[in-house]
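Since the structure comes first, as structure tokens, the remarks are kept for the end.
Residues: numbered from 1 along the sequence shown.
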Amino acid sequence: MTPLPRIMVAPNGARLTKKDHPAVPVTISQIVETAQECAKAGADGLHAHVRDEGQQHVLDAGLYKELIAEMAQSLPGFYTQITTEAQGRYTTAEQMALVRDVQPKAVSIALREIMADASDTEMHRFYHECADAGIGVQHILYDTEDVMHLARLVRDDVVPQADLKGLLVLGRYTTGQLASPENLMTPVSMMNRELPEIDWAVCAFGRWETDCLLAAHGMGAKMRIGFENNRLNKDMTCAASNAERVHELVHYLTSSPEDDANYRVA
């Protein structure tokens, strides 16, 4: 199985449109172009949401197959991850149907969404199908309850222990709920204890995204960055593009390694 990329760009998410920022990619060609720019800036993976003609998030197998094909041609070998984000619209059955139809190499799945109306037996079948097909599932974890839930599913073999991947999400879309580096301590400690073999990354909502990702890197995490979670640079200026956000993170990781030690948490 392929490990998570060190820096994955999440350029659009399920909610933003061109009205929010002109550089939010909403078509296949725009997503691919953004991925190319971010690859040059230092990203080695893409987490993408496809959109319909009205710029709305959709779980559309045809669009995802088109995106994967275009990415394979334009950026061969670049880690390309689709999503089953429900956004309050899609059932567990529809999420699973998307994965089974597309057969992607990588998919992110919010644990609380896909388990909302399914039994352990159904999910055992689905997760083991993914493992057998070589589909890398990254489990989206919003809090310590999600971490403990995943640990229980792994213990019960609902989720295979091999090639276990996760994403800790700091903050929310809700106004005022911004991420900060201090938010890492409890979930990371719990995850290290309950899921010591997991390949994990962090994303963070809001203006402290860069600080959170540097802190997470100091704790051994991989990083997901981009407009899906935040459009502000560390100096509080609005980034012109997703590539600018990637470039800033790479700058702090490579040009000032001593600064990274300031975010390291024991």
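Summarising the local packing, NZ of K40 is surrounded by 12 or fewer heavy atoms from other residues, nucleotides or ligands at distances under 6.0 Å. The environment of NZ in K105 is sparse: at most 12 heavy-atom neighbours from other residues, nucleotides or ligands sit within 6.0 Å.
Y79 and I82 fall into different hydrophobic clusters, defined by Ile, Leu, Val, Met, Phe, Trp and Tyr side-chain heavy atoms under 4.5 Å apart, directly or through other members. Two different hydrophobic clusters hold L16 and M8 under the rule that ILVMFWY side chains link at heavy-atom gaps under 4.5 Å. In the hydrophobic clustering of ILVMFWY residues, with side-chain heavy atoms under 4.5 Å counting as a link, V24 and V246 come out apart.
Rounded to the nearest 0.5 Å, atoms OG1 (T27) and CD (E33) are 8.5 Å apart. Interatomic distance, L4 CG to M223 CE, rounded to the nearest 0.5 Å: 11.5 Å. The CE atom of M123 sits 10.5 Å away from the NE2 atom of H128 when rounded to the nearest 0.5 Å. Between the CH2 atom of W208 and the CE atom of M236 there is a distance of 7.5 Å, given to the nearest 0.5 Å. For the atom pair NE2 of H49 and OG of S108, the computed distance is 6.0 Å after rounding to the nearest 0.5 Å. Here the CG atom belonging to L46 is positioned 5.5 Å from the OG1 atom belonging to T80, to the nearest 0.5 angstrom.
Scanning all heavy atoms of the two residues, the minimum distance from C130 to V99 falls at SG-CG1, 3.9 Å. Here the closest non-hydrogen pair linking T84 and A110 is OG1-N, 4.4 Å. Residues M115 and T92 come closest through the heavy atom pair N-OG1, 4.4 Å. Scanning all heavy atoms of the two residues, the minimum distance from V26 to Q55 falls at CG1-OE1, 3.7 Å. Contact record, N242 with A10: OD1-O, 3.9 Å, taken as the closest heavy-atom pair. Pairing each heavy atom of A239 with each of R245, the nearest pair is CB-CD, 3.6 Å.
At a threshold of 4.5 Å between non-hydrogen side-chain atoms, the residues F205 and V169 count as touching. Looking at Y127 and I114, their side chains come closer than 4.5 Å, going by heavy atoms from C-beta outward. Using a 4.5 Å heavy-atom threshold, the side chains of R15 and E85 count as touching. At a threshold of 4.5 Å between non-hydrogen side-chain atoms, the residues L111 and H149 count as touching. Proximity of N229 to R224: side-chain heavy atoms (C-beta onward) are separated by under 4.5 Å at one or more points. In this structure, H217 and R6 have side chains that are in contact, with non-hydrogen atoms separated by less than 4.5 Å. The shortest distance between side-chain heavy atoms of Q103 and I135 falls below 4.5 Å. Inter-residue side-chain proximity for L213 and L253 is flagged as unmet; no heavy-atom pair is nearer than 4.5 Å.
Without hydrogens or angle criteria, R51 side chain to N12 main chain gives a donor-acceptor distance under 3.5 Å. Although no hydrogens or angles enter the test, the distance criterion places no donor-acceptor pair under 3.5 Å between the side chain of D156 and the main chain of V158. Listed for the D101 side chain is no donor-acceptor partner under 3.5 Å among the backbone atoms of A61. Checking side-chain atoms of T254 against main-chain N and O of V250 turns up a donor-acceptor pair under 3.5 Å. Counting only distance, with no hydrogens or angles, the side chain of E244 and the backbone of A240 share a donor-acceptor pair below 3.5 Å. The closest donor-acceptor contact from the side chain of E94 to the backbone of L59 lies at 3.5 Å or more, if one exists at all. Although no hydrogens or angles enter the test, the distance criterion places a donor-acceptor pair under 3.5 Å between the side chain of Y64 and the main chain of A48. Listed for the D20 side chain is a donor-acceptor partner under 3.5 Å among the backbone atoms of T17. A side-chain donor-acceptor contact under 3.5 Å links N183 to the backbone of S180.
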Begin with the C-alpha distance, continue with both residues' side-chain angles, and end with the deciding distance and a verdict on side chain to side chain contact (heavy atoms under 4.5 Å, CB included) for D52 and D60. CA-CA 9 Å; D52 63 17; D60 187 301; over 6 Å; no
Please step through salt bridge (Lys or Arg N to Asp or Glu O under 4.0 Å) for the pair R152 and D120, ending with a clear verdict. CA-CA 11 Å; R152 196 271 296 174; D120 279 8; 2.5 Å; yes
Does the side chain to side chain contact (heavy atoms under 4.5 Å, CB included) test come out yes or no for R100 and F126, once each step is laid out? CA-CA 9 Å; R100 286 168 169 149; F126 172 72; 4.0 Å; yes
Test log, rule side chain to side chain contact (heavy atoms under 4.5 Å, CB included), inputs D132 and E129: CA-CA 5 Å; D132 292 342; E129 283 178 6; 5.8 Å; no
Kindly determine whether E209 and L232 satisfy side chain to side chain contact (heavy atoms under 4.5 Å, CB included), including the steps that lead there. CA-CA 8 Å; E209 179 185 39; L232 294 177; over 6 Å; no
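Taking the six-membered ring where tryptophan is involved, the planes of H21 and F227 are tilted, since the angle between them lies from 30° to 60°. Ring geometry for H251 against H247 counts as parallel: the plane angle stays under 30°, on a 0 to 90° scale with 60° as the upper cut.
Side chains of E37 and S241: no donor on one and acceptor on the other come within 3.5 Å.
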Distance-only criterion, 3.5 Å: show the donor-acceptor pairs between side-chain atoms of residues 136-145 and protein atoms not counting sequence neighbours.
from	atom 1	to	atom 2	distance (Å)
Q138	OE1	Q81	NE2	2.9
Q138	NE2	G166	O	3.0
D143	OD1	R112	NH2	3.3
D143	OD1	E145	N	3.2
D143	OD1	D146	N	2.9
D143	OD2	R112	NH2	2.9

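With respect to K234 and E248, no salt bridge is recorded, no charged nitrogen being found less than 4.0 Å from a carboxylate O.
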